[in-house]
Amino acid sequence: MTRILQATQNAISEAASCLRAGGLVGMPTETVYGLAADARNGEAVARIFAAKGRPTFNPLIVHASSIEQAQTLGLFSEQARALAQAFWPGPLTLIVPRRAQAGLSELVSAGLSTVALRVPDHEIARALIRESGTALAAPSANRSGHLSPTTAAHVQASLGENVDLILAAGASTVGLESTVVDPDGTENRDGRPVILRPGGITAEDIRLRTGMEVSYYEACKASEPDAPPSPGMLLKHYAPGIPLRMNAIDLLPGEALLAFGSDRFMGVRGEKTAAKDLPAQARRNLSETGDLYEAAANLFAMLYALDTPGNKGIAVMAVPDEGIGRAINDRLRRAAAGTPSKENETLP
Ligand code: TXA
Ligand code: MG
């Protein structure tokens, strides 16, 4: 079993030498745990794809410990710099042209001329990057298409022996991957930043902090709908092993409940069972008070907890499609699309 080390100074040093030697380390960040490797070492990066069973066309995010380091890796336009200054360290990833001299592996960009960069808002992550003396490529530390991990134990359960060592630093506070932004609107060709993947930072947050108008990328409006600019936007992603239904107003027999807000009026169809009568392993609440940030932080851990053979499916109550709720619904839709039975289909 791969070791989990509490992130002491000694553990960080050990993890940094593992990375320098081309190893893979489970790295805590404020969004989700990452599967980190030296971004300049092509073989190490290749091991990430292998460990995740990830399609090789999907490029990875490269993590830096400071804006200065990030600027040695990519070319920042004025807008990119303004966004970095407003949100780094934090859950924002910027897609910028690669700097040839930086020595990043080609695989990290999956052949694109751009690179995804981010400075995580997590002391341990930044200390690890500094000590390893390189930038770290790190997708979420889970098997491709499975749930994203928000604790070291999730990483261990999902990747097993495919990770060399895991640094533990509690649960990720944001609980959702970073917002991926094309800072110059290359995709919409209007010069305004475009959100390619919704996440912890919303269009509203960007407008408020920088005054920039931002749009969300819509694949259907693209000139080449078959080639989304951010391949991670593919619909099939984050799939639990049992069916997931969204916007549920009641439960089917055997289903687990993932509630949002009060579940007082939820019951099992055709039975007298109310939500409060469900066994503990079949009932979770993203946020009893209806707080979307709390819900985001709980999302993956709760899906993970309900995704057991004892439950026939997961019924998720409606989550408002506003602010960070948009990112939550995005992840839920992908989860629903990747599960054995589609939304609204009756269970076996
Ligand atoms: O919060 C996060 O972002 C986590 C933590 C570990 O930092 N990382 C993460 O990485 O989610 P990953 O590799 O799972 O997601 C990378 C996303 C994908 O949607 C990918 O398609 C997109 O960024 N991406 C990466 N490079 C890109 C590029 N050059 N152009 C467009 N999209 C890119
Ligand atoms: Mg992922």
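Only a predicted model underlies this, so the values are computations on that prediction, with no experimental measurement involved.
- Looking at every heavy atom in both residues, A137 comes nearest to I48 through O-CD1, 3.6 Å.
- The cluster map of Ile, Leu, Val, Met, Phe, Trp and Tyr, joined by side-chain heavy atoms under 4.5 Å apart, puts V62 and I124 in different clusters.
- Considering only heavy atoms from C-beta on, T173 stays 4.5 Å or farther from H122 through its side chain.
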So T202 and T179, side chain to side chain contact (heavy atoms under 4.5 Å, CB included) or not? Walk me through it.
CA-CA 7 Å; T202 65; T179 303; over 6 Å; no

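- Taking hydrophobic clusters as Ile, Leu, Val, Met, Phe, Trp and Tyr residues chained together by side-chain heavy-atom distances below 4.5 Å, F260 does not share a cluster with L251.
- No side-chain donor from either of Q6 and T8 sits under 3.5 Å from a side-chain acceptor of the other.
- Side-chain contact between D182 and T114 is absent, with no heavy atoms from C-beta onward closer than 4.5 Å.
- Between M302 and N285, the shortest heavy-atom distance links the atoms CE-O, 3.1 Å.
- The structure places CE of M1 at 4.5 Å from CD of Q156, a figure rounded to the nearest 0.5 Å.
- Counting side-chain heavy-atom gaps under 4.5 Å among Ile, Leu, Val, Met, Phe, Trp and Tyr, F265 is found in no cluster with other residues.
- Within the 4.5 Å cutoff, no side-chain heavy atoms of R20 are placed close to those of D38.
- Around the CD atom of Q281, the shell of radius 6.0 Å holds more than 12 heavy atoms that belong to other residues, nucleotides or ligands.
- Just one of V25, L167, L5 meets the side-chain contact (heavy atoms from CB on, under 4.5 Å) condition when paired with I12; it is L167.
- In this structure, the side chains of L117 and V96 come closer than 4.5 Å at one or more pairs of heavy atoms.
- Once rounded to the nearest 0.5 Å, the distance linking OG1 of T134 with CG of L128 reads 10.5 Å.
- Of the possible donor and acceptor atoms, none in the side chain of N142 sits under 3.5 Å from a partner among the backbone N and O of S158.
- By the 4.5 Å heavy-atom criterion applied to side chains, Q69 and R126 are not counted as neighbours.
- Shown here is E78, whose CD atom has no more than 12 heavy atoms of other residues, nucleotides or ligands within 6.0 Å.
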Check the pair S172 / T31 against side chain to side chain contact (heavy atoms under 4.5 Å, CB included), numbers first and verdict last.
CA-CA 6 Å; S172 299; T31 56; over 6 Å; no

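- Interatomic distance, CG of L94 versus CG of L196, reported as 10.5 Å (0.5 Å rounding).
- Counting heavy atoms of neighbouring residues, nucleotides and ligands inside a 6.0 Å radius, atom CD of E288 does not exceed 12 of them.
- A donor-acceptor contact shorter than 3.5 Å links the side chain of R81 to the backbone of F76.
- Between atom CE of residue M246 and atom CG of residue L332 there is a gap of 5.0 Å, rounded to the nearest 0.5 Å.
- Under a 3.5 Å cut-off, the side chain of S109 and the backbone N or O of E106 do not form any donor-acceptor pair.
- Following chains of ILVMFWY side-chain contacts shorter than 4.5 Å, one can reach L306 starting from L286, so the two form part of one hydrophobic cluster.
- Atom CZ of R143 sits about 11.0 Å away from atom CG of L35, to the nearest 0.5 Å.
- With D263 contributing its side chain and M266 its backbone, the two residues share no donor-acceptor pair below 3.5 Å.
- In this structure, the side chains of R269 and L252 come closer than 4.5 Å at one or more pairs of heavy atoms.
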Start with the C-alpha distance between D164 and R47, add both sets of side-chain angles, then the distance that settles side chain to side chain contact (heavy atoms under 4.5 Å, CB included), and finish with yes or no.
CA-CA 11 Å; D164 296 310; R47 287 189 61 209; 3.2 Å; yes

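- Both Y304 and V316 sit in one connected hydrophobic cluster of ILVMFWY residues. Membership requires side-chain heavy atoms under 4.5 Å apart, directly or through other members.
- Between the CG atom in L24 and the CG atom in L159 there is a gap of 9.0 Å [rounded to 0.5 Å].
- Ring-centre distance between Y33 and H154: not below the 6.0 Å cut-off.
- The two atoms that bring P91 and E30 nearest to each other are N-OE2, 3.3 Å, heavy atoms only.
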Output a table of donor-acceptor pairs, distance under 3.5 Å, between side-chain atoms of residues 319-328 and any protein atom two or more places apart or on a different chain; print 'none' if there are none.
from : atom 1 : to   : atom 2 : distance (Å)
D321 : OD1    : N329 : ND2    : 3.1

Dump the intermediate steps for side chain to side chain contact (heavy atoms under 4.5 Å, CB included) on L83 and I206, then the final yes or no.
CA-CA 8 Å; L83 286 165; I206 296 177; 3.8 Å; yes

Chi angles and distances behind the salt bridge (charged side-chain N to carboxylate O under 4.0 Å, His left out) call for E177, R118
CA-CA 11 Å; E177 288 91 339; R118 160 169 129 78; over 6 Å; no

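- Residues passing the side-chain hydrogen bond (donor to acceptor under 3.5 Å, both in side chains) test with R209: none are found, sequence neighbours excluded.
- Under the 3.5 Å distance criterion, the side-chain polar atoms of R98 are matched with a main-chain donor or acceptor of L104.
- Minimum heavy-atom separation, I129 to S65: CG2-N, 3.8 Å.
- Heavy atoms of other residues, nucleotides or ligands lying less than 6.0 angstrom from CG of L75 number more than 12.
- Taking the side chain as every heavy atom from C-beta outward, R197 and S178 approach each other to under 4.5 Å.
- With a 4.5 Å cut-off on side-chain heavy atoms, R283 and K276 count as touching.
- In terms of modelled atom types and a separation under 3.5 Å, the side chain of R99 and the main chain of Q71 share a donor-acceptor contact.
- Across every non-hydrogen atom of D205 and G200, the tightest pair is OD2-O, 4.0 Å.
- In the hydrophobic clustering of ILVMFWY residues, with side-chain heavy atoms under 4.5 Å counting as a link, L136 and V115 come out apart.
- Residues V119 and W88 approach most closely at CG2-CE3, 3.6 Å, considering heavy atoms.
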